[in-house]
**Q** 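Okay, here's the structure, questions in a sec.
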Amino acid sequence: MSKRIRKPIKKEKDFSDKIIKILSQSANKAFNYKQIGAKLELDDTQSRNQIIKDLKILASQNKIIESEPGSYLIKAASQDYYEGKIDMTGRKTAYFVCADLEEDVFIPTNNLNHALDKDTVKVYVYNRRKGKRPEGEVIEVVERNKTDFVGVIDIQKNFSFVSTANPKMYTDIFIPKDKIGDAEQGDVVLVHIEDWPKRADSPFGAVIKVLGKPGEHDTEIHAILAEYGLPSEFPIEVETYAQKIDTSITEAEIANRRDMRDTLTFTIDPKDAKDFDDALSFKKLENGNYEIGIHIADVSYYLEEGTILDDEAYQRATSVYLVDRVVPMLPEVLSNFACSLRPQEEKYTFSAVFEISEKSEVINQWFGRTVIYSDQRFAYEEAQYIIETKDDTIPDEISITGSSYQVAPEIVSATLKLDELAKIFRRKRMQDGAISFDKVEVKFNLSEEGEPEGVYFKVSKDANHLIEEFMLLANKKVAEFIGKQKKTFIYRIHDEPNEDKLFAMQALISKFGYKIDFTQGSISQALNKLMEDVNGKKEQNLIDTLAIRSMSKAKYSTDNIGHYGLAFDYYSHFTSPIRRYPDVMVHRLLQYYLDGAKSADEELYETKCLHCSTMEGLATNAERDSIKYMQVKYMQDHQDQEFLGVISGVTEWGIYVEIIENKCEGMVRIRDIKDDYYTFDEKQYALVGATSNQLLQLGDEIFVKVKNADLVKKQLDFNFIRRNNELVN
């Protein structure tokens, strides 16, 4: 008897997800099974029957609505349908970030449907599988985060493509022949995405600016600015308007101000500064207290609301400090001349004047417009010399003039007293829970042509802290003065740190032998102890960076929640209006309220706060990229040199290494480590040698050499030479 062969049961297809997607893309339109079948390009009977069945199941699950017999609409408030932002990875996949979801949703490459990094999108989230991260599909791109991109153009006979160095931009951009402009083969260009046809693999764009040849210094700096939509120069009409402003000091205007020209006043700034935002005045009072004035350039006097100059300043919102240049918020006629508090010149200022006791207690305060005369300009190094030595003669090797000179005794005395008071303020802040982030800044010695000749580190000393404490005092007291009146104001706010980020940091720093004890007091105390422990160590820069990343980002808002990092209930930005637009708005609002006006429009100012925070973030990214570019350029000239570095990151594809002597970071790819076959151990956060069982983990010191320095991608690749504890053959 022959055995009966059982045919395998054919598994029915499930079209539910595709149906949801089709209905979601046309949320206000009803579809029947035939229309859905046509969309899916299915016309066989079995598929159509399955579509009918799935439609009825989805309707019974209340995910879709049968608007009329046989026709269906997506349910407006479907629990699987969300709006949020795309966060691209470097591997052409993404995560969907939405405040309404507990965890981020994975978006495979084929489900991106033309969404790009940071775009606002609508996503359909698939049913969660047990133990697996939910997946989703982009249904609609609601708003593009950006449409202008920088890349290198590859010109073919009848069309071109532009490819970007941004690892999160997963596609090149197609440029029709008639939209290439003046670009030549291999140029770095700025392109604008105009369209992305449904069935096209790449978006269609047009060249809007040619930036130059790859690798050339000016090209790469302008490319950094263009990548973040930041300007490199002022429009001619704005420059022309600025040149026509009357910048003279008049007796009529002086009469409207508190005249403080006879009070001892001086500035302390970086030695290469050209715009001096702030000055300090000092006077000893008969009662033994001190009158200390924090005088800030009165930019709002010259920058009238509603003018093209004001519009330009608002759009920029901040000056951008790149390695080799400053892109100012205001034209030079204001930033370096009229508003800059230069020595031996009368200037209009907006001031916070305090009566302060020997114990750094604020007894009285006054806010308003003033006129000052700066008696002396100091660089930080000169003020630091006075603080450290109590000497009144600045030696020629420190002097910004290049020659030694004598400082007036009253200025020496004032500097020393201000330093004493500032140290009391700082000590009080730390006791109140402020966090001390004195992160090392990487600086470059540049040639006249802008080439990096050396690297040095900028460290804050007492002179820096002196200025910092009095600026903090002014910012705090101005915010407190308005905040207690319950009127609309612009605050600089900083939320509490995210616990998940703190625990993630804890896991990383433990690899270096450190730990944060959150059980013995406040988080701020624990972080300050960590900062103290790593000070001066080889891993300081890395751990400082990890600690800063664990914190929330400070931002501007009309909703005052205080400033966690500074331990202030009220805080604003009042002290840098030459380079920050929020400070200009703070000056205007302060004068507005001093004049007795009612509360300003909160919604309007919240919109402005959001814009300023966004522009600040873009400027920070550009500044970081310019440092990375200069580090790569510096390392290009040191390709034959061995460097000692510390492992700063471990991934499945290699290790990141930060060179100790110059803080340049690059990658050693796992395939380039030849002394063993390594695999990534996620639990140990290390690479493990298959034969030797040796680990390469966070904090290990290794010697490396430059393998490749890519100026366009701003990327360093290293070759692994040996561990620090291995002898050289």
Side-chain angles (χ1 to χ4, degrees), residues 260 263-273 275-285 289-297 341 343 349 351-362 365 372 374-394 398-400 407-432 434-441 458-478 531 535 565-568 571 573-576 579:
M260 299 189 71
T263 305
L264 178 68
T265 302
F266 53 93
T267 61
I268 305 176
D269 290 280
K271 59 186 175 184
D272 57 353
D275 56 336
F276 310 132
D277 273 299
D278 54 82
L280 293 176
S281 66
F282 182 88
K283 183 196 290 185
K284 185 159 186 180
L285 301 174
N289 292 334
Y290 304 95
E291 180 191 270
I292 295 171
I294 295 99
H295 306 285
I296 310 301
L341 309 184
T349 45
S351 304
V353 183
F354 302 103
E355 181 184 343
I356 297 175
S357 73
E358 280 281 2
K359 296 180 180 178
S360 286
E361 299 160 323
V362 175
Q365 63 186 27
I372 65 163
S374 176
D375 298 285
Q376 178 81 45
R377 182 216 161 177
F378 283 129
Y380 281 118
E381 292 81 0
E382 294 172 312
Q384 186 65 28
Y385 179 81
I386 292 172
I387 291 167
E388 288 179 359
T389 67
K390 315 292 189 286
D391 192 355
D392 65 355
T393 303
I394 305 295
I398 290 174
S399 167
I400 52 176
V407 181
E410 62 269 24
I411 295 180
V412 173
S413 176
T415 303
L416 294 173
K417 179 51 68 175
L418 288 167
D419 176 58
E420 279 180 38
L421 297 172
K423 282 171 176 164
I424 298 172
F425 278 129
R426 186 173 176 82
R427 193 159 57 246
K428 283 180 179 175
R429 276 202 307 116
M430 294 303 145
Q431 289 169 352
D432 289 342
I435 301 170
S436 175
F437 283 122
D438 279 339
K439 193 174 186 301
V440 173
E441 285 187 59
K458 180 182 168 187
V459 181
S460 289
K461 295 185 177 180
D462 290 340
N464 303 82
H465 293 318
L466 185 163
I467 293 299
E468 179 185 22
E469 289 306 321
F470 283 102
M471 296 309 115
L472 290 175
L473 176 66
N475 288 334
K476 171 187 173 182
K477 289 297 184 180
V478 165
M531 299 299 102
N535 188 39
L566 294 171
F568 288 161
Y571 190 64
H573 272 171
F574 168 78
T575 53
S576 294
R579 63 184 179 90

**Q** Please name the pair of heavy atoms, one in K428 and one in S360, separated by the smallest distance, quoted to 0.1 Å.
**A** NZ-O, 3.5 Å
**Q** Is any side-chain heavy atom of I400 closer than 4.5 Å to one of R377?
**A** yes
**Q** How long is the gap from CD1 on I424 to CD on E469, to the nearest 0.5 Å?
**A** 11.0 Å
**Q** The test is side chain to side chain contact (heavy atoms under 4.5 Å, CB included); show your working for V362 and L473 and say whether it passes.
**A** CA-CA 10 Å; V362 175; L473 176 66; 3.9 Å; yes
**Q** Going by the rule side chain to side chain donor-acceptor pair (under 3.5 Å), which residues pair with D419 if we only count those two or more places apart in sequence or in a different chain?
**A** K423
**Q** So, S281 side chain and G293 main chain: donor-acceptor pair closer than 3.5 Å or not?
**A** yes
**Q** Walk me through whether I356 and F425 qualify under side chain to side chain contact (heavy atoms under 4.5 Å, CB included).
**A** CA-CA 11 Å; I356 297 175; F425 278 129; 4.1 Å; yes
**Q** Who passes ring pair (Phe, Tyr, Trp, His ring centres under 6.0 Å) against F354, sequence neighbours left out?
**A** none
**Q** Looking at T265, is its backbone amide N or carbonyl O close enough to the side chain of D375 to form a donor-acceptor pair, meaning the two atoms are under 3.5 Å apart?
**A** yes
**Q** Over all heavy atoms of both residues, which pair between Y571 and L472 is shortest? Give the atoms and the distance, please.
**A** OH-CD2, 3.2 Å
**Q** Say you draw a straight line from OG1 of T389 to CD1 of I398; how long is it, rounded to the nearest 0.5 Å?
**A** 8.0 Å
**Q** Tell me whether the count of non-hydrogen atoms from other residues, nucleotides or ligands lying under 6.0 Å of NZ in K417 goes above 12.
**A** yes
**Q** Look up atom OG1 in T415 and atom CD in E410, then write down how far apart they are to the nearest 0.5 Å.
**A** 10.5 Å
**Q** Are M471 and F574 side-chain neighbours, meaning at least one heavy-atom pair lies under 4.5 Å?
**A** no
**Q** Can you name the nearest heavy-atom pair linking H465 to S460, along with the distance?
**A** CE1-CB, 3.9 Å
**Q** Evaluate the side-chain proximity of L566 to N475: yes if any heavy-atom separation is below 4.5 Å, no if none is.
**A** no
**Q** Over all heavy atoms of both residues, which pair between L418 and L280 is shortest? Give the atoms and the distance, please.
**A** CD1-CD1, 4.0 Å
**Q** Should K283 and E355 be marked as a salt bridge (charged side-chain N to carboxylate O under 4.0 Å, His left out) after you check the CA-CA gap, both sets of side-chain angles, and the distance that decides it?
**A** CA-CA 10 Å; K283 183 196 290 185; E355 181 184 343; over 6 Å; no
**Q** What's the separation between atom CD in E382 and atom CD1 in I394, rounded to the nearest 0.5 Å?
**A** 5.5 Å
**Q** Got Q384 and D462 here, is their nearest side-chain heavy-atom distance under 4.5 Å?
**A** yes
**Q** Let me confirm one number: the NZ-CG distance from K458 to N464, rounded to the nearest 0.5 Å.
**A** 6.5 Å
**Q** Is there side-chain contact between R429 and R426, with heavy atoms separated by less than 4.5 Å?
**A** yes
**Q** Can you confirm whether T263 sits close enough to I372 that some side-chain heavy atom of one is under 4.5 Å from a side-chain heavy atom of the other?
**A** no
**Q** Any side-chain heavy atom of D277 sitting closer than 4.5 Å to one from T575?
**A** no
**Q** Give, for atom CZ of F378 and atom CD1 of I386, the distance between the pair rounded to the nearest 0.5 Å.
**A** 4.0 Å
**Q** Looking only at heavy atoms, which two atoms of E291 and V353 are closest? And how far apart?
**A** CG-CG1, 3.6 Å
**Q** Looking only at heavy atoms, what is the nearest atom pair of S374 and F266, with distance?
**A** OG-CA, 4.0 Å
**Q** If you count the non-hydrogen atoms of other residues, nucleotides and ligands that lie under 6.0 Å from NZ in K271, is the total more than 12?
**A** no
**Q** Between D269 and D275, is any pair of side-chain heavy atoms under 4.5 Å apart?
**A** no
**Q** Return yes if some donor-acceptor pair links the side-chain N/O of S357 with the main-chain N/O of K359 below 3.5 Å, else return no.
**A** yes
**Q** Holding to salt bridge (charged side-chain N to carboxylate O under 4.0 Å, His left out), I want the full list of residues that pass it with E388, two or more places apart in sequence or in another chain.
**A** none
